[in-house]
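Structure, as structure tokens:
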Protein chains: 2
Amino acid sequence: MSGKISVLLVDDHAVVRTGFKTYLELSEKIGAVFESDRCESACRLYELHQPDVVVMDLSMPGIGGFETIRRLLIRDPHCKILVFSIHDELIYVARAIKAGVKGYLVKNSDPELLITAVTGIAAGGTFVAPALAQKLAMSATDEVLQEQRIKQLTPREFDIFCLLAKGKSTREVADQLFVSHKTVCNNSTTIKDKLGIKTLSELALLANRHGIVKEVEGR
Amino acid sequence: MSGKISVLLVDDHAVVRTGFKTYLELSEKIGAVFESDRCESACRLYELHQPDVVVMDLSMPGIGGFETIRRLLIRDPHCKILVFSIHDELIYVARAIKAGVKGYLVKNSDPELLITAVTGIAAGGTFVAPALAQKLAMSATDEVLQEQRIKQLTPREFDIFCLLAKGKSTREVADQLFVSHKTVCNNSTTIKDKLGIKTLSELALLANRHGIVKEVEGR
DNA sequence: ATTTGATCGGGAATTATTCCCGTATGATGC
DNA sequence: GCATCATACGGGAATAATTCCCGATCAAAT
């Protein structure tokens, strides 16, 4: 990376791209700015231009931001990605960082931070929005804890968890999976136990917060 | 409104404001553009500058977009508001329109639509994003239907609904409201009946989708 | 071959929910 | 005032859901 920094902006909101671009162009450290409104073309543009930094939204139609991050990093493990998202929930930050991004900014950040983050990351550093960093510091938070707990579910339990999360009754789940109602009841008890909750409603809300949406078919 | 159109942008994301402003400035029909990042100052700026059109985000910290719309319309019933939101769920559109806005755009709209919408509304028209208009057309959708159903709940039932929606058990609700567990059970049955659902999980999810968050205290 | 983890479900006790019932209260209309 | 109606509350008995403890089965790992 010699000379000016080149940036690839990936966001399905044209308005956001334009706004971000405007700020980037205020800095003389930053040169070319490429844009993409979808994940698929982002990968192509990355290979074509080899930008120093990729600024990316998480919630996009199609394969979504996380999957895009994964694909970019497969192509180039040294790819420098800065997430620019509306989500300030720790779970998103944690996931993104785990996925291998170099920075995380929320969309209502002070514009000056945008430049700071982009140049910092281009220079090989990392950047997490101050407010988020603080949250991350006092880790082991509820969200993360729950994430860990969900991982404790066996595959089958997870399937049942997903169906219950949609508001289905234990009986409906049993019918759909062709098992005894008793089995689902027993599983349900175990699941709630592992997740540290007491009602199926909590289960539904929890799954909802975590954006868990796996589809399960009967065998 | 003679001469150029003046616009007040209300959005807590500086990036979005900048992007939108950039587009507005491309049109020679549009003159002054004022900006605000919060609801409170938006009302002041509106009275100060009397802009022809207010472009507003819905999800903002503080009193929120809907409340801001209400306040603006109290001050000036002819205030022309264009909502510019990430939410494309019909329920938001319906609420906004019911609140009295003149237009609704989603943030990933084609930039050309922004100008079209702003100028159209300034001229006294209305503008709803094409995709949303179509959705609206086939009204009486689930969301709207549910909204109607929720209205059928008695005040007390609604309180209980809100508590159950948080994932609390019937027993916890009973304790909190100082009534018999039996009562809450009976109410719960009635509520599910009125809402056309079968499980408390569905209730929780439904309330969640509708963003129902009333706080209820014991007496 | 044995252990381990996962899945499935029965039996009996417990708990939750339903359905139907009656009471009480406050607002509305005549 | 008095009837009426909607609302809130909750009991009793039947029914359904859930728990807890148990054993069976199977596949993969050691």
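Below, chain A is the first sequence line, B the second, and so on; all start at residue 1. Heavy atoms only: backbone and side chains are in, while hydrogens, waters and symmetry mates are out.
Between the side chain of A:Asn208 and the backbone N or O of A:Ala204 there is no donor-acceptor pair closer than 3.5 Å. Although no hydrogens or angles enter the test, the distance criterion places no donor-acceptor pair under 3.5 Å between the side chain of B:Asn187 and the main chain of B:Glu157. With B:Lys194 contributing its side chain and B:Gln152 its backbone, the two residues share a donor-acceptor pair below 3.5 Å.
B:Arg156 places its CZ atom 9 Å from the C1' atom of D:dC9, with the value rounded to the nearest Å. The CD1 atom of B:Ile191 sits 11 Å away from the P atom of D:dC9 (whole-angstrom rounding). Spacing between atom CD of B:Glu157 and atom P of D:dT7 amounts to 8 Å, rounded to whole angstrom units. Across the protein-nucleic acid pair, A:Gln152 atom CD and C:dG5 atom P stand 13 Å apart, rounded to whole Å. Residue B:Asn187 contributes atom CG, which lies 10 Å from atom C1' of D:dG10 at whole-angstrom precision. Atom CD1 in B:Ile160 sits roughly 8 Å away from atom P in D:dA8 (whole-Å rounding). Per the geometry, CG belonging to A:Leu177 stands 18 Å off P belonging to C:dA6, to the nearest Å. A:Glu172 has its CD atom 12 Å from the P atom of D:dT18, to the nearest Å.
A:Thr183 has a side-chain polar atom (N or O) that falls below the 4.0 Å cut-off from OP1 or OP2 of C:dG9. Contact annotation: B:Ser180 side-chain N/O to D:dG11 OP1/OP2 distance is under 4.0 Å.
The aromatic rings of A:Phe84 and A:Phe20 sit perpendicular, their planes meeting at an angle over 60°, well past the 30° parallel limit.
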Please write out each protein N/O paired with an N/O of nucleotides 17-22 of chain C under 3.5 Å, distance rounded to 0.1 Å.
from	atom 1	to	atom 2	distance (Å)
C:dT17	OP2	B:Thr170	OG1	2.6
C:dT18	OP1	B:Lys192	NZ	2.8
C:dT18	OP2	B:Thr189	OG1	2.3
C:dT18	O5'	B:Thr189	OG1	3.4
C:dT18	O4	B:Lys182	NZ	3.2
C:dC19	N4	B:Asn186	OD1	2.9

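For the ring-ring contact (aromatic ring centres under 6.0 Å, His included) condition, the pairs that include at least one residue of residues 34-58 of chain B, sequence neighbours left out, are B:Phe34-B:His49.
Checking A:Ser41 against A:Ser36 by side-chain atom types alone, a donor-acceptor pair falls below 3.5 Å.
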